[in-house]
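Just so you know, ligand 1 is whichever comes first in the structure, and atom 1 is the first atom listed for that ligand. All values below were derived from every heavy atom in this structure, side-chain atoms included, with hydrogens, water molecules and symmetry-related copies excluded. Heads up: numbering here begins at 1 and tracks the sequence.
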Amino acid sequence: MSSISSSMSMDMKLNLFFFLVLFASTISSSLAKGSLQQTLLPSEFNDCSNASQARHLLEDESQAQKSVDLAQGYMSNDDLEWAIQEIGQRCSNISRIYSIGKSVNGFPLWVIEISDKPGEEETEPAFKFIGNVHGDEPVGRELLIFLANWLCDNHLKDPLATLIVENVHLHLLPSMNPDGFSLKKRGNANNIDLNRDFPDQFIFFNDDEDSRQPETRAIMNWLRDIRFTASATLHGGALVANYPWDGSDDKRTKYYGCPDDDAFRFMSSIYSHSHYNMSSSKEFLGGITNGAAWYPLYGGMQDWNYIHAGCFELTLEICDNKWPSAAELPILWRYNKMSMLNLVASLVKTGVHGRIYSSGDGRPLPGSITVSGINYTVRAGKTFGDYHRILAPRDKYEVVATMPGYKSKNTTIWLDEGPVTLDFVLDPEVSVKGSVLQNIYKCDCNNESKQEFVHFLWGAHLEVFFVVIVILGFLLLLFHRRAKVKISTSRQSAGAKRTVEV
Ligand SMILES: *[C@@H]1O[C@H](CO)[C@@H](O)[C@H](O)[C@H]1NC(C)=O
Ligand SMILES: *[C@@H]1O[C@H](CO)[C@@H](O)[C@H](O)[C@H]1NC(C)=O
Ligand SMILES: *[C@@H]1O[C@H](CO)[C@@H](O)[C@H](O)[C@H]1NC(C)=O
Ligand SMILES: *[C@@H]1O[C@H](CO)[C@@H](O)[C@H](O)[C@H]1NC(C)=O
Ligand SMILES: *[C@@H]1O[C@H](CO)[C@@H](O)[C@H](O)[C@H]1NC(C)=O
Ligand SMILES: CC(=O)N[C@H]1CO[C@H](CO)[C@@H](O)[C@@H]1O
Ligand SMILES: [Zn+2]
């Protein structure tokens, strides 16, 4: 991942224009909700008020090109690049700018990472927002710049901004489809709908790696690099928070929930209820919908994130009108601001978080977390063994930690409104390491917000180890020496070594 170069060619006139727009935006966004009607013509709102419109499967491109002035007031791709660069400089101590690849026409896919330690690995959840997946849905890319600026300006001033900066690694990709944006059309420069270009669980039409679009490949590689806990993409054409599955097994339109349906309904509701009026939708109860219940789609990014990247992704339709007048952007930011912030903050304020350690030497383990009754696995990080499991508040969950070569352990927790911190210390399946006896058995369980939980302590396996050690004392010493070398050279191979059974 390269970092942005400080010299960048740009059109000064466009920038000046952009400044003026920003200035005008600042003025209108400072107006109170009551004075809304004074800043916008009623006709502009009518554009955005047809809630009965369904998400368009096929884009009517002529409609998007109808108005020559469509892009007026919106950032061009160069403006956007400049705005991202500007944020990176102004907020250099809480942000990092990097590119995950290039579009078909060679435009970099810039990402702003916001965190108190950008670019560093921490035991924190990561969240991503992706805008402008569809070229003709440009509101998201503007809102992500509003969001980045707001966080930059309010860190250490606003508690929510500070909470996010200090406890989450937030990655913003304002435009996944810059070519589609400049062409004012849904697909990318090759006319491919990027939200149909991912491998699918039911239809295997996208399985040819080579025929995948560069924008899609960039996202897939990005998710191999960074372990995102959750994410949301910003679309337009309706007002609703959409959650998996997007596709159904029999291709029919029906409610088809994924194993984490409760968690997804919970996440979606955080968005819709924090929104100005999403939750009062007449079309979608509570302003949320299962994707397949609305209409099934295949090759989408959302389902792929959940299946292949351990990332809980929502598809947010944030305005009935795909391309509203730019004058509405500050208002749309205001409508979505708390939703965006609360969704990101929910990674810290809810769910189960913790680390997995080896009882042998206290080393973090890249194990897995499952929850009884939910057929889904969340991976812990390789460096710190940290995991972040989104769960809807419920009276009781049995959380199971597993790691190849180690005995699984489970704990029952009660999850109210707040988060639970739960660490696991796993015992090797059959340990031949003498260090087991010397090391401290440590449990770092604590409840952050008055959470009650029960931690079943690891069983009393000391006798077993003792017998094994007495019998195999000589072999043990030999192995101990070898294992030590392995551990110091490679964490992963050391983990594998421990599975040896004598
Ligand atoms: C939300 O508010 C906007 C702006 O006032 C309006 O156009 C839209 O119809 C409202 N939608 C719902 C679902 O209430
Ligand atoms: C909303 O959109 C649909 C489809 O485009 C149209 O048939 C309907 O008349 C519209 N409703 C209103 C209130 O504009
Ligand atoms: C970033 O810089 C500002 C101003 O120098 C400072 O107040 C703040 O503490 C810094 N934040 C971090 C996370 O380093
Ligand atoms: C769990 O999900 C996997 C796919 O992720 C599936 O292959 C398996 O059959 C499921 N198991 C159960 C018990 O439903
Ligand atoms: C949880 O632990 C108990 C006792 O250690 C065991 O009986 C039970 O099978 C475990 N449950 C799971 C899902 O692993
Ligand atoms: C183990 C632990 O940290 N328990 C705490 C859980 O929260 C209550 C209320 O805040 C504390 O009193 C416990 O000590
Ligand atoms: Zn879209």
Contacts table for ligand 4: protein N or O within a distance under 3.5 Å of ligand N or O, distances only.
{"from": "ligand 4", "atom 1": "2 (O)", "to": "Asn375", "atom 2": "ND2", "distance (Å)": "2.3"}
{"from": "ligand 4", "atom 1": "11 (N)", "to": "Asn375", "atom 2": "ND2", "distance (Å)": "2.8"}
{"from": "ligand 4", "atom 1": "14 (O)", "to": "Asn375", "atom 2": "ND2", "distance (Å)": "3.3"}

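Asp193 and His134 share a donor-acceptor pair across their side chains, judged by distance under 3.5 Å alone.
The distance from ligand 1 to the heavy atoms of Ser280 drops below 4.0 Å at these ligand atoms: 14 (O). Proximity to Ser372 (heavy-atom distance under 4.0 Å) selects the following atoms of ligand 5: 13 (C). Set against the non-hydrogen atoms of Asn410, the atoms of ligand 5 under 4.0 Å away are 1 (C), 2 (O), 3 (C), 8 (C), 10 (C), 11 (N), 12 (C), 14 (O). Distances below 4.0 Å separate heavy atoms of Tyr276 from the following atoms of ligand 1: 2 (O).
Between Leu316 and His235 there is no side-chain heavy-atom pair separated by less than 4.5 Å. When side chains are defined from C-beta on, Tyr357 does not count as touching Met403, because their heavy atoms never get closer than 4.5 Å.
Heavy atoms only, all atoms of each residue included: Phe284 and Leu239 are closest at CD1-O, 4.1 Å.
We find that Arg186 and Glu137 are joined by a salt bridge, their nearest charged nitrogen and carboxylate oxygen being less than 4.0 Å apart.
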query = Can you list the steps and then say if Phe127 with Phe228 is a ring-ring contact (aromatic ring centres under 6.0 Å, His included)?
reply = CA-CA 6 Å; Phe127 187 100; Phe228 287 103; 8.4 Å; no
ask   = How far apart are the C-alpha atoms of Asn242 and Glu317, what are their side-chain angles, what is the distance that settles it, and do they pass the side chain to side chain donor-acceptor pair (under 3.5 Å) test?
value = CA-CA 8 Å; Asn242 176 101; Glu317 304 282 352; over 6 Å; no
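If you look at Lys409 next to ligand 5, there are no close heavy atoms at all, none under 4.0 Å.
Cation-pi contact between Arg394 and Tyr397: present, with separation from the ring centre below 6.0 Å and deviation from the ring axis of at most 45°.
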